[in-house]
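Single-structure report; data block below.
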Amino acid sequence: MSHSSKPTRPAALANWLMIVAFLVVLMVAVGGITRLTESGLSITQWKPITGAIPPLSEAAWQAEFALYQTTGEYQTVTGPAGMDLAAFKFIFFWEWFHRLLGRLIGLAFAVPLAWFWIRGAIPQGYKGRLVALLALGGLQGVFGWFMVRSGLAGTMTDVSHFWLSIHLLTALFTLGGLIWTALDLRQLATGASRPARWTGIASWVGAILFVQLLLGAWVAGLNAGLASDTWPLMQGQLVPEYDRSRGLAWAVTHDPFLLHFLHRWWAWIAVIALVVMARRVKPLVRQASVAIHTAFGIQILLGVATVWTGVALWVAVAHQVVGALLVASFAWGAHILGRRTA
């Protein structure tokens with residue numbers, strides 16, 4: 001019997017991928033803090049290797065601060081607000097830590113992957129999938145830099161909400177891929193010879209969930225959470241006033257009031273879809289059904305709390321983290337519905 005056919009090897013691979021998935025959720029949390037503290041533009045250069053070391057002297061800190069002072073964010077917002085070096089060090093820390101965590105996740109994936117590969121412990125048919133997940137992680141770093149660069153151009157004071165959505169959704173897609181692959185490997189370890197298949201219900205529920213996540217990313221990128229601190233009404237009415245002058249397509253993708261409205265009400269369409277999915281999952285694995293219900297229930301409550309608190313930091317971060325956990329629970333449920341036996 002070859003190493004790749006031993007049942008303990010798929011289980012070890014699955015455990016490793018679940019650890020990486022946990023790190024991705026942590027990365028989403030730190031990314032949320034970085035965004036909410038307006039820290040994303042504090043590091044103006046991309047140095048994949050040497051950037052892992054923060055400034056170690058006063059002169060180095062002054063040099064980094066000088067680079068930040070050339071940005072539109074500093075000249076228009078934080079500079080006039082009185083930002084000094086101490087305040088800069090605070091926002092620098094979160095962006096640096098966010099990038100450092102990305103590097104650590106890359107190592108946590110690449111090094112064990114190489115070890116399992118050399119040991120011949122990767123089952124047949126999984127090498128390509130694992131390399132694809134590694135490539136997604138690399139793309140995540142590239143997209144992150146494109147996002148930052150979009151906020152450094154000219155007089156920009158924020159990153160592009162389009163690049164922010166690409167950056168966040170790539171992380172969530174990678175998270176789903178890690179969960180799905182880990183579950184396939186766990187099934188293999190218990191004797192199932194074929195991986196789960198993607199089902200029709202996973203496609204349409206996933207599409208609805210994708211729209212909600214995309215709207216959420218745009219709301220975050222445009223600071224549209226601040227468009228209203230009341231729920232369920234906005235500006236004393238169900239549908240708020242928004243900019244119609246440039247057409248509906250522009251408003252749907254740029255207007256903070258309309259995006260806030262769409263995000264808070266599309267959520268209920270997502271809830272209906274997830275309930276339908278969870279009901280299909282319940283007879284097969286009740287715990288997964290409970291996980292889906294729990295995730296979207298807490299997410300709705302946190303969404304309302306985020307509005308009512310005026311986007312309080314830790315409430316908004318929790319909202320983003322539970323969004324990642326909702327993606328994980330969706331991947332679990334979709335995998336259960338697609339399981340096939342030998």
Side-chain angles (χ1 to χ4, degrees), residues 28-29 31-41 72-73 76-78 81 91 94 143-144 146-148 150-151 153 155-172 208-271 296 299-324 326-327:
V28 170
I33 297 171
T34 301
R35 174 181 58 81
L36 289 161
T37 55
E38 302 289 348
S39 302
L41 298 179
E73 181 180 71
T76 307
V77 181
T78 57
I91 65 170
W94 283 112
F143 291 156
F146 285 161
M147 178 185 69
V148 170
S150 72
T155 59
M156 294 292 292
T157 60
D158 284 298
V159 300
S160 162
H161 63 291
F162 294 123
W163 274 116
L164 186 147
S165 66
I166 292 170
H167 185 53
L168 176 60
L169 292 176
T170 301
L172 297 177
I208 290 172
L209 181 59
F210 173 83
V211 171
Q212 179 64 1
L213 295 169
L214 178 64
L215 290 170
W218 287 351
V219 165
L222 291 169
N223 295 317
L226 299 171
S228 173
D229 61 359
T230 60
W231 191 93
L233 301 182
M234 296 178 63
Q235 304 168 341
Q237 53 195 17
L238 183 63
V239 182
E241 295 293 331
Y242 61 91
D243 185 358
R244 295 176 169 85
S245 64
R246 306 189 214 185
L248 183 60
W250 183 90
V252 167
T253 55
H254 290 83
D255 187 272
F257 294 95
L258 182 57
L259 280 169
H260 185 126
F261 168 80
L262 292 173
H263 183 55
R264 65 164 63 181
W265 294 112
W266 186 265
W268 298 104
I269 297 175
V271 164
F296 76 65
Q299 184 69 341
I300 290 289
L301 293 174
L302 285 171
V304 174
T306 300
V307 170
W308 280 348
T309 60
V311 193
L313 175 63
W314 295 112
V315 178
V317 170
H319 184 56
Q320 186 161 311
V321 170
V322 176
L326 179 58
V327 169

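We count residues from 1, following the sequence as given. What you see is a predicted model, and the numbers here were worked out from it, not measured in a lab.
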query = Quick check: does any side chain N or O of His161 sit under 3.5 Å from a backbone N or O of Leu222, one acting as donor and the other as acceptor?
reply = no
inquiry  = Once rounded to the nearest 0.5 Å, what's the spacing between atom CD1 of Ile269 and atom CG of Leu209?
reply    = 12.5 Å
key: Polar side chain donor-acceptor pair, Thr37 to Trp94, under 3.5 angstrom   = no
query = With distance as the sole test, does Gln235 use its side chain to make a donor-acceptor pair with the main-chain N or O of Gln237 at under 3.5 Å?
reply = no
note = side-chain contact (heavy atoms from CB on, under 4.5 Å) filter on Val311, not counting sequence neighbours, yields Leu36, Leu226, Thr306, Ala316
task = Would you confirm whether the ring centroid of His254 sits within less than 6.0 angstrom of the ring centroid of Phe162?
result = yes
key: Side chain to side chain, Gln320 and Leu302, heavy atoms closer than 4.5 Å   = no
message = Using every non-hydrogen atom in the two residues, find where Leu164 and Ala220 come nearest and quote the distance to one decimal.
response = CD2-CB, 4.5 Å
request  = Determine whether Ile208 and Trp266 make a side-chain contact, defined as any pair of heavy atoms from C-beta on separated by less than 4.5 Å.
outcome  = yes
message = Ignoring hydrogens, what is the shortest heavy-atom contact between Leu259 and Val219? Give both atom names and the distance.
response = O-CG2, 3.7 Å
inquiry  = Within this structure, what is the CG-CG distance for the pair Leu213 and Leu168, rounded to the nearest 0.5 Å?
reply    = 7.5 Å
ask   = Looking at Ala224 and Pro256, what are the two nearest heavy atoms and their distance?
value = CB-O, 3.4 Å
query = Any donor and acceptor pair, going by atom type alone, linking the side chain of Thr253 with main-chain N or O of Ala249 inside 3.5 Å?
reply = yes
request  = Look up atom CZ in Phe257 and atom CG in Asp243, then write down how far apart they are to the nearest 0.5 Å.
outcome  = 10.5 Å
key: Counterpart residues, side-chain hydrogen bond (donor to acceptor under 3.5 Å, both in side chains), relative to Thr170 (two or more places apart)   = none
ask   = What are the two closest non-hydrogen atoms of Trp268 and Ile300, and how far apart are they?
value = CH2-CG2, 3.8 Å
ask   = Between Val307 and Met234, does a side-chain contact (heavy atoms from CB on, under 4.5 Å) hold up when you go through it step by step?
value = CA-CA 10 Å; Val307 170; Met234 296 178 63; over 6 Å; no
message = Using 0.5 Å steps for rounding, measure from the CH2 atom of Trp163 to the OG atom of Ser150.
response = 8.5 Å
key: Distance (rounded to the nearest 0.5 Å) between His263 NE2 and Gln212 CD   = 4.5 Å
Trp308, CH2: over 12 other non-hydrogen atoms inside 6.0 angstrom = no
Minimum heavy-atom distance Ala227-His260, with the two atoms named = CB-ND1, 4.0 Å
ask   = Side-chain contact, heavy-atom cut-off 4.5 Å: Arg244 with Glu241?
value = yes
key: NZ or CZ of Arg264 within 45° of Phe261 ring axis and under 6.0 Å   = no
message = Using 0.5 Å steps for rounding, measure from the CZ atom of Phe296 to the CG atom of Leu326.
response = 8.5 Å
key: Minimum heavy-atom distance between Thr157 and Leu41, given as atom pair plus value   = O-CD1, 4.1 Å
inquiry  = Does Phe146 form a side-chain contact (heavy atoms from CB on, under 4.5 Å) with Ile166? I'd like the steps, not just the answer.
reply    = CA-CA 10 Å; Phe146 285 161; Ile166 292 170; over 6 Å; no
